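Reckoned from all heavy atoms, side chains included, excluding hydrogens, waters and symmetry mates. Here the structure is a predicted model, which means the values were calculated and not measured. Naming: A, B, ... by sequence-line order, numbering from 1 per chain.
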Number of protein chains: 2
Amino acid sequence: MATLGDVAARAGVSISAVSRVLSGAPDSRVSAATRQRIVDAASELHYRPNFAGRALKSARTQVVGLVVPDITNALFTELMHGAEDEATEHGYTVLLGRSDDVRPGGEVIARLIGEGRVDGMALQVGDGVPPAGLDDLLTTQAPIVLVNSSAPGHSGSVVLDDQRGAQIATGHLLELGHERIAFANGLPRSFTAKRRHAGYKLALDGAGIKVPKQYETRAGYTVDNGRTALRRLMALTPRPTGVVVANVNAAVGLLGEARKLGIKVPEDLSVVTVHDSWTAENTWPPLTAVQMQFYAVGRTAVRSVIRRIETGETSDEVVTDPPPELVVRESTAPPHPRG
Amino acid sequence: MATLGDVAARAGVSISAVSRVLSGAPDSRVSAATRQRIVDAASELHYRPNFAGRALKSARTQVVGLVVPDITNALFTELMHGAEDEATEHGYTVLLGRSDDVRPGGEVIARLIGEGRVDGMALQVGDGVPPAGLDDLLTTQAPIVLVNSSAPGHSGSVVLDDQRGAQIATGHLLELGHERIAFANGLPRSFTAKRRHAGYKLALDGAGIKVPKQYETRAGYTVDNGRTALRRLMALTPRPTGVVVANVNAAVGLLGEARKLGIKVPEDLSVVTVHDSWTAENTWPPLTAVQMQFYAVGRTAVRSVIRRIETGETSDEVVTDPPPELVVRESTAPPHPRG
DNA sequence: ATGAAAGCGCTAACAC
DNA sequence: GTGTTAGCGCTTTCAT
């Protein structure tokens with residue numbers, strides 16, 4: 001790989017002249033002719049600035065880490081795109097990390113921030129993370145923005161409008177005439193589950209409807225959790241006629257289990273999910289869903305990280321624009337007359 | 001962040017002594033007492049070696065890039081896990097990249113290899129990549145191993161046993177008694193599509209069965225492509241009684257479209273897919289699938305990259321151990337008597 | 001057994 | 001307008 005020195009030699013100028021020209025400083029203070037010679041030499045040698053050299057000197061990598069529990073979760077696709085678009089616009093690169101197998105918060109933070117691999121990071125901690133693992137978050141002064149999650153005392157976060165999303169989903173079933181509306185939620189300790197619960201509750205209260213406590217399950221967000229939730233709900237008397245599922249993956253599992261148990265959707269049970277993704281379109285029946293704004297969250301999170309890096313400002317934001325949007329497909333219908 | 005100098009000062013020794021101890025050189029040539037003081041000081045200061053400093057000095061990052069067309073494709077989950085497990089065992093880190101939105105091969109290679117962000121990379125080029133974009137691959141001497149793809153003249157690759165996978169899938173339908181077996185394949189220019197086609201063909205030939213040329217579609221590997229494939233196949237006379245789908249995502253789409261057209265699976269049409277993933281278990285009916293060894297491919301690819309980095313050796317490998325395995329679910333059955 | 005010093009590629013403050 | 005130089009954090013050779 002060609003270095004600045006190689007380019008300088010070829011162009012017959014000093015290293016610093018080359019650096020000034022190629023690092024794009026607004027005032028490079030070189031004559032047009034010299035500049036041209038430098039640019040030519042660089043391109044002939046396929047010069048690329050060495051990442052380590054630059055990072056070492058400037059103490060900046062121009063990289064932000066994006067760490068989510070499961071990279072391959074379809075829900076994060078949009079979030080990553082948003083993050084990358086925003087990063088690119090600011091001249092940053094995104095380094096993707098996973099927090100699912102890595103030891104909770106600690107190790108990944110130490111590695112990325114502590115070793116200077118990134119200048120800051122957007123971190124979505126999984127629901128399985130014990131609060132203890134987040135200690136480092138607070139002790140470190142590093143530019144870390146939490147995404148769809150929280151840690152006591154940490155400031156700097158960007159979250160979806162979970163409450164509104166769950167409220168819209170619940171509202172949809174209410175409008176169809178359902179009253180026995182269940183809620184298949186995430187784990188009790190989950191940050192987003194609490195917020196989605198609030199939205200569900202708000203919608204029911206607004207309609208003056210009360211449901212048995214058992215109508216809310218808290219099995220979790222995975223496909224299997226969804227299956228579990230359905231089994232629990234169908235064991236209740238009276239059975240709910242509609243269910244709001246707090247996560248699209250759980251909804252897919254719930255639907256599969258309904259199929260297995262011979263419960264017809266939407267005839268016997270309407271299903272609406274918070275989140276949308278390509279999987280929701282390809283179940284049978286296709287799932288009615290509330291689209292959440294993951295793209296905007298990704299953008300906002302990275303913007304927030306960069307602002308924190310460059311100016312030190314912190315903020316806690318809820319992404320409400322654009323608002324969650326209902327996509328009606330075929331998994332919801334008015335309750336069956338004989339209930 | 002604490003530096004070697006900080007640790008040295010605290011321990012009352014020289015920087016080089018600290019470096020020797022902390023960088024884990026087998027022979028650090030220090031007394032037990034000194035070593036202890038150094039280790040203590042380092043841990044008190046939460047010392048972490050600076051990535052850029054080390055990389056600059058050693059001209060090695062201990063990072064390998066893993067670039068795939070679509071990170072959020074469930075198929076790559078296992079591949080990534082395999083890659084990370086292998087990398088970790090060798091003291092390397094994996095840097096995930098996407099090749100879907102980035103300009104084909106060129107830009108991402110220049111960025112990762114050219115700027116010295118990684119020591120080598122495993123690269124799966126998408127089917128959409130024009131051969132031209134891969135020129136850099138050949139000109140560069142960088143340690144790049146192609147995964148499930150090929151570039152004319154490039155040596156260094158690791159691929160799935162696509163042919164065997166397709167052959168097993170086709171064989172399953174044959175054993176069930178099907179004769180009118182269609183094949184929903186990837187795009188004609190796709191490397192894996194050619195190999196899967198060969199497996200399909202081999203199985204049919206082995207059974208002495210001939211099918212119309214139109215029984216093979218080449219719509220592609222996406223969900224929508226699967227829908228298209230089904231529509232084309234169902235327009236044929238006579239209709240096939242079974243279809244091998246070359247990709248699980250396409251299979252999901254194909255199944256959805258069958259539903260929409262009122263074609264019953266497996267009564268009217270048996271569907272078997274090459275690849276398995278959690279989505280295949282959650283369709284209705286659950287998809288019979290041939291599990292491909294993505295985990296092993298990930299491991300092998302990274303091992304190959306590291307070998308190339310450290311010894312310069314190149315190899316082209318087909319992952320055949322463990323072999324592709326058939327998982328029978330509910331989307332396949334003997335052909336319906338009335339065809 | 002330990003330390004001093006050079007240098008990896010780069011930027012920037014400071015000469016000239 | 002251009003060049004010289006110091007130094008970012010680290011590893012490693014060579015003295016001591």
> If only side-chain N and O atoms count, and only distance matters, is there a donor-acceptor pair under 3.5 Å linking B/S315 with B/R307?
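A donor-acceptor contact under 3.5 Å links the two side chains.
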> Heavy atoms from C-beta onward define the side chain here; which of C/dT2, C/dG7, D/dG7 lies closest to that of B/S31?
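Between C/dT2, C/dG7, D/dG7, the one nearest the side chain of B/S31 would be C/dT2.
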> Could you tell me the separation between the CE atom of A/M1 and the P atom of C/dC8, rounded to a whole number of Å?
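Value for this atom pair: 17 Å.
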> Remember a base hit wins even if backbone is also touched, and classify A/S16 as base, sugar-phosphate or nothing at under 4.0 Å, heavy atoms.
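Base, at least one base atom sits under 4.0 Å.
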> Fill in the dot-bracket string of DNA chain C, one character per base: . for unpaired, | for a pair to another strand, ( ) or [ ] for pairs within the strand, taking Watson-Crick or G-U pairs under 3.5 Å.
||||||||||||||||
> For a quick check under 3.5 Å, do A/D119 and A/T61 share a side-chain donor-acceptor pair by atom type?
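Side-chain D/A pair, A/D119 to A/T61: present.
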> Within this structure, what is the CZ-to-P distance between B/R37 and C/dA1, rounded to whole angstrom?
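My rounded result for the distance is 15 Å.
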> How many Å lie between NZ on B/K57 and P on C/dG9, as a whole number?
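Rounded to whole Å, this separation is 10 Å.
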> Which nucleotide in the list D/dT11, D/dT2, C/dT11 gets nearest to the side chain of A/I15?
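The closest nucleotide is C/dT11.
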> Name the nucleic acid region contacted by B/S19, choosing base, sugar-phosphate or nothing; use a 4.0 angstrom heavy-atom cut-off, strictly under.
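B/S19: base contact, heavy atoms under 4.0 Å.
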> Check the side chains of B/S19 and B/S16 for a donor-acceptor pair under 3.5 angstrom, ignoring hydrogens and angles.
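No donor-acceptor contact under 3.5 Å links the two side chains.
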> Toward the 5' end of DNA chain C, which comes first, B/G12 or A/S23, by nearest nucleotide?
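So the residue in question is B/G12.
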> Taking atom types as modelled, find out whether B/D162 and B/T192 have a side-chain donor-acceptor pair closer than 3.5 angstrom.
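Result is no, nothing qualifies.
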> CZ of A/R117 versus P of D/dG9: gap in Å, rounded?
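Interatomic distance, CZ of A/R117 to P of D/dG9: 17 Å.
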> Going by atom types alone, do B/T320 and B/D161 pair a side-chain donor with an acceptor below 3.5 Å?
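Distance-only check fails for B/T320 and B/D161.
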> Atom CG of A/L4 and atom P of C/dC8: how far apart are they, to the nearest Å?
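One finds 13 Å between P of C/dC8 and CG of A/L4, rounded.
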> Output the rounded distance in Å from CD (B/Q36) to C1' (C/dA1).
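Atom CD in B/Q36 sits about 17 Å away from atom C1' in C/dA1.
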> Is the shortest side-chain N to carboxylate O distance from B/R60 to B/E310 below 4.0 Å?
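A salt bridge is absent here (no side-chain N lies under 4.0 Å from a carboxylate O).
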> Taking the side chain as C-beta and beyond, is there a heavy-atom pair between A/V13 and A/T34 under 4.5 Å?
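The answer is yes; the side chains approach within 4.5 Å.
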> What residues in residues 46-56 of chain A put a non-hydrogen atom under 4.0 Å from any atom of DNA chain D?
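Output list: A/L56.
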> Between the base of D/dG1 and the side chain of A/R35, is one N or O donor paired with an acceptor at under 3.5 angstrom?
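Answer no: no donor N or O sits under 3.5 Å from an acceptor.
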> Using atom CZ of A/R60 as one end and atom P of D/dG9 as the other, report the distance to the nearest whole Å.
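Taking atom P of D/dG9 as the reference, CZ of A/R60 is at 14 Å.
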> How many Å lie between CG on A/D6 and C1' on C/dC10, as a whole number?
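From A/D6 CG to C/dC10 C1': 13 Å.
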> Quick one: salt bridge (Lys or Arg N to Asp or Glu O under 4.0 Å) partners of A/R37, sequence neighbours excluded?
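Listed in chain order: nothing, the list is empty.
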> About how many Å separate OG of B/S304 and CD1 of B/I144, when rounded to the nearest 0.5 Å?
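Reported value, rounded in 0.5 Å steps: 12.0 Å.
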> Just compare C/dC10, D/dT11, C/dG3 and give me whichever is closest to any side-chain atom of A/T3.
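The listed nucleotide nearest to A/T3's side chain is C/dC10.
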> Quick check: do A/E115 and B/N50 have side-chain heavy atoms less than 4.5 Å from each other?
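Side-chain contact under 4.5 Å: no.
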